[in-house]
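Reviewing the structure listed below.
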Amino acid sequence: MIGNMMRSSQFFISTQKEAPADAELISHQLMVRAGLIKRLGSGLYSWMPLGLRVLRKVEAIVRDEMNKAGALELLMPAVQPRELWEETGRWAVFGPQMLKIQDRHEREFCFGPTHEEVITDIARKEINSYKQLPLNFYQIQTKFRDEIRPRFGVMRAREFLMKDAYSFHASHESLENTYQLMHQAYSNIFTRLGLKFRAVKADSGAIGGDGSQEFHVLADSGEDGLAYCEQSDYAANVELAEAIAVGERVAAKETMQEVDTPKQTACEDVAKLLEIGVERTVKAIALMAAEQFYLVLLRGDHHLNEVKLTKVAGLSDFRFATEEEIRGHLNCPPGFIGPVGVAENVKVIADGTVALMSDFVCGANKPKLHLTGVNFGRDLAEPMIVADVRNVVEGDASPDGKGKLSLCRGVEVGHIFQLGSKYSQAMNATYLDEEGKSQVMEMGCYGIGVSRIVGAAIEQGNDDKGIIFPLSMAPFSVVICPIGFHKSDAVKDAAHQLYQDLLQAGVDVLLDDRAERPGVMFAESDLMGIPHRIVVGERGLTEGQVEYKARQQTEAQNVNLTEVKNYILSQLN
RNA sequence: CGGGGCGUAGCGCAGUCUGGUAGCGUACUUGUCUGGGGGACAAGGGGUCGCAAGUUCAAAUCUUGCCGUUCCGACCA
């Protein structure tokens, strides 16, 4: 009987005062302390009954919005045969992140890290005609990715719950339509979940394809940097946010000179020694790609963006040069290298910002020396390649020309892609068009990290007492804390009646009928993040009153016992 | 993959240097008192000290190997 499961004495509550030493993120600590999850191994967590209630609520909202957007739920196997992955070449591409397993016949399988291959196989077998298109299939399923470094509890676990959808189309316009539909569905989902989020332009990474956007829950502890414009709707992952170089190069005023920098190898230290701003300095980063040695020039206070760098012609497989390679090509130890006087076979790439600098400071290619007053076209050739290869910084011009960029951090909880024909082509997923001609399907794919959302939500909602869940995903909506439940019949009867009334009104209510002291009940319900609390005590009952407090409020208020049910219902909307 | 840390009760830790009865806090059990913010007192239960080999009269402690885990770096829907 479900009602019994909503009494604390019959439910399973397992809170802890101390979090495990390895939980560094507040959400991870609180999830363990509140007894939502229990660790089995690195990146492997059991969802305890309390945590599962939260996970299921998230899942239900995701499912509801997907269904509303016309997607069809199915469920694919978690274990997938190697041959399917060989067709797209991803058995090798995915590499060690994929958990590979063998059956008793020594046939090879993987535990699915994603399902493009399986769904495309279904599509090529089931879809023959343009009349069947478009179609959008989704599942909510456990995935496994053997992360290099699992951490942060369920936020970067190896086994996790994901909603993944895949759409199939007879035209690019149709793909765009569904993509926009999914964009809207995702916005609806995160809004209903009560989270602060932002959709940003994203790199499509190993999944491949053209357009893609990520949905991020905003949190300072997020692993991703985001750039957004307050004055417009531009927003992008820092990985690909464009850095716009503004203005023109000023004419040279200084002459080039060597200066002693005996111990100064970093731009910051050189700037400090010379008493100039670090934005006057240029750093050189040595790379190797296809046997070619490169120097990448960045302003001293800027940071290299490796994703952008791989998009420069010839650098898709770059690596950082070793110290020997640096000495071999420049005859100088790292720390003092620069672009002046380099040999013909060194290719120089200047970041767009550097290309506009004049009278700058850089390494002299001689030990313990830097150069000041350096200018392109006079002291060294104009750079062979000018490209945007840096991370944007706070205050950069927005690429749409409508203001300045701000930075924040986020937890990636959703990602939508226009895949195009990458998988359908490789796996020969075709249909017959109106003219009876065979055509390759266009595909889109749309993921949501269901289990990660729980962690992200707690990152966003917590205080020194514990979790503050949005109502939409709280394990219980209301908790009734009776004081002296086992001593006072009046308290017992009132609490029980209220519990029954709320249950009958369809409210997720928890009755704390344990013989615990009030402090324990309060501390635990706060830790678990239950949004609404009603305290029933003998003291108030003599006046016909109970006490109500919202989780995020500090002050409680008295409510008439006769009105409390309706009051709660109004709080729940 | 490279470098560091840590493995002792469910959780948090001491004990290891200097070998000699395995401890503390919390959680758990029982009882009494208590009863509006993780209460007090008392009495209890719970451990192959990560695994294996070695040194020794004797190993949580010393040696070697392995395993797990974690942090930093590299890397990553």
Side-chain angles (χ1 to χ4, degrees), chain A residues 13-25 28-29 32-35 38-44 48 90 93-98 112-116 143-153 156-158 160 162-164 166 202-209 212-216 223-224 237 239 306-307 310 317-320 322 411-417 419 445-449 452 464-466 481-488 491 512 514-528 533-541 546-547 549 554 556 558:
Chain A
I13 292 173
S14 167
T15 62
Q16 287 173 201
K17 287 184 183 170
E18 285 183 280
D22 55 41
E24 43 180 331
L25 231 51
H28 185 192
Q29 294 170 6
V32 173
R33 283 192 52 211
K38 193 148 182 66
R39 200 186 86 112
L40 178 64
S42 179
L44 302 172
M48 299 303 284
R90 289 209 299 175
V93 171
F94 238 92
Q97 209 185 84
M98 188 155 70
T114 176
H115 281 72
E116 280 83 6
K143 308 252 194 262
F144 190 96
R145 294 183 191 173
D146 200 351
E147 295 285 346
I148 295 173
R149 198 137 85 79
R151 55 187 147 172
F152 307 149
R156 185 171 282 279
R158 294 197 292 176
F160 58 100
M162 180 170 174
K163 186 283 302 176
D164 48 326
Y166 308 88
D203 184 55
S204 46
I207 296 276
S212 101
Q213 280 168 290
E214 291 167 348
F215 284 76
H216 286 262
E223 289 191 272
D224 286 287
N237 193 304
E239 284 182 347
E306 297 182 29
V307 172
T310 59
D317 274 323
F318 84 90
R319 63 173 173 79
F320 292 103
T322 64
V411 178
E412 185 189 349
V413 290
H415 202 155
I416 57 178
F417 301 82
L419 288 177
C445 91
Y446 321 93
I448 286 184
R452 178 181 279 187
D464 56 343
K465 294 192 174 81
C481 298
I483 311 289
F485 187 79
H486 297 275
K487 291 275 173 69
S488 159
V491 169
D512 198 339
R514 300 171 300 172
E516 288 291 352
R517 300 165 61 85
V520 174
M521 292 193 282
F522 298 159
E524 292 194 339
S525 63
D526 282 348
L527 178 59
M528 296 187 285
R533 185 184 77 194
I534 301 165
V535 179
V536 180
E538 230 165 6
R539 213 166 58 193
L541 281 181
V546 296
E547 183 189 283
K549 189 176 101 56
T554 47
N558 288 322

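Below, read A as the first sequence line, B as the second, and so on, with proteins coming before strands; counting in each chain starts at 1.
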Can you tell me if [X] touches the phosphate of [N], counting only side-chain N or O atoms and a distance under 4.0 Å to OP1 or OP2?
X        : N      : answer
A:Lys465 : B:rG37 : no
A:Arg514 : B:rG38 : no
A:Ser42  : B:rU70 : yes

Between the side-chain atoms of [X] and the base atoms of [N], is any donor-acceptor pair under 3.5 Å?
X        : N      : value
A:Arg533 : B:rG37 : yes
A:Glu547 : B:rG36 : yes
A:Gln16  : B:rG10 : no

Please determine, for [N], whether a Watson-Crick or G-U wobble partner exists with both distances under 3.5 Å, and give it or none.
N      : answer
B:rU56 : none
B:rC11 : B:rG25
B:rG36 : none
B:rG68 : B:rC6
B:rU61 : none
B:rG31 : B:rC41
B:rG46 : none
B:rG73 : B:rC1

Q | Test salt bridge (charged side-chain N to carboxylate O under 4.0 Å, His left out) applied to A:Arg33 - qualifying residues, sequence neighbours left out | A | none
Q) What one-letter contact string describes nucleotides 3-9 of chain B from 5' to 3', where B marks a base within less than 4.0 Å of any protein heavy atom, S marks contact via sugar-phosphate atoms alone, and - marks no contact? A) -------
Please state the [atom1] separation for the pair [N] and [M] - nearest whole angstrom.
N      : M      : atom1 : answer
B:rA58 : B:rG12 : C1'   : 32 Å
B:rC1  : B:rA14 : C1'   : 35 Å
B:rC49 : B:rU21 : C1'   : 15 Å
B:rG3  : B:rU16 : P     : 29 Å
B:rG20 : B:rC13 : P     : 24 Å
B:rC66 : B:rC28 : C1'   : 35 Å
B:rU30 : B:rG5  : C1'   : 42 Å
B:rU69 : B:rG23 : P     : 30 Å

Interatomic distance, [X] [atom1] vs [N] [atom2] [rounded to whole Å]:
X        : N      : atom1 : atom2 : result
A:Asp464 : B:rG38 : CG    : P     : 14 Å
A:Glu516 : B:rC28 : CD    : P     : 7 Å
A:Phe318 : B:rC75 : CZ    : C1'   : 11 Å

(Q) Looking at A:Phe522, is its backbone amide N or carbonyl O close enough to the side chain of A:Ser525 to form a donor-acceptor pair, meaning the two atoms are under 3.5 Å apart? (A) yes
Q: Output yes when a side-chain donor or acceptor of A:Lys143 lies under 3.5 Å from a complementary backbone atom of A:Lys163, and no otherwise.
A: no
Q.
Once rounded to the nearest 0.5 Å, what's the spacing between atom SG of A:Cys481 and atom NZ of A:Lys549?
A. 10.5 Å
**Q.** Approximate separation, where rounding is to 0.5 Å, of A:His486 NE2 and A:Glu516 CD
**A.** 9.5 Å
Among [options], which is the nearest nucleotide to the side chain of [X]?
X        : options                : answer
A:Glu18  : B:rG36, B:rG38, B:rG25 : B:rG25
A:Glu306 : B:rG36, B:rG38, B:rC75 : B:rC75
A:Phe522 : B:rU70, B:rG38, B:rG36 : B:rG36
A:Leu527 : B:rU70, B:rG38, B:rG36 : B:rG38
A:Gln97  : B:rC76, B:rG36, B:rG38 : B:rC76
A:Phe320 : B:rC75, B:rC11, B:rU70 : B:rC75
A:Arg517 : B:rU34, B:rC76, B:rG38 : B:rU34
A:Asp526 : B:rC71, B:rG37, B:rG38 : B:rG37
A:Lys38  : B:rG10, B:rC72, B:rG38 : B:rG10

Q: Please figure out whether A:Arg33 or A:Arg151 has its closest RNA chain B nucleotide nearer the 5' end.
A: A:Arg33
Q) Which comes earlier along RNA chain B counting from the 5' end, the contact point of A:Gly43 or that of A:Pro113, where each point is its nearest nucleotide? A) A:Gly43
If you look at every strand shown and take non-hydrogen atoms under 4.0 Å, does [X] touch a base, only sugar-phosphate, or nothing?
X        : value
A:Arg156 : base
A:Glu239 : nothing
A:Met162 : base
A:Val535 : base
A:Ser14  : nothing
A:Lys549 : base
A:Glu24  : sugar-phosphate
A:Gly447 : nothing
A:Phe485 : nothing

Q | Test: A:Arg452 cationic atom under 6.0 Å from A:Phe160 six-membered ring centre, within 45° of axis | A | no
Of all the heavy-atom pairs spanning [X] and [Y], show the shortest one and how long it is.
X        : Y        : value
A:Ala157 : A:Glu147 : O-CG, 4.0 Å
A:Leu44  : A:Arg158 : CD1-NH2, 4.4 Å
A:Pro482 : A:Val491 : CB-CG1, 3.6 Å
A:Arg90  : A:Thr114 : NH2-CG2, 3.6 Å

Q | Aromatic ring pairing A:Phe320/A:Phe318, orientation class (parallel under 30°, perpendicular over 60°, tilted between) | A | perpendicular
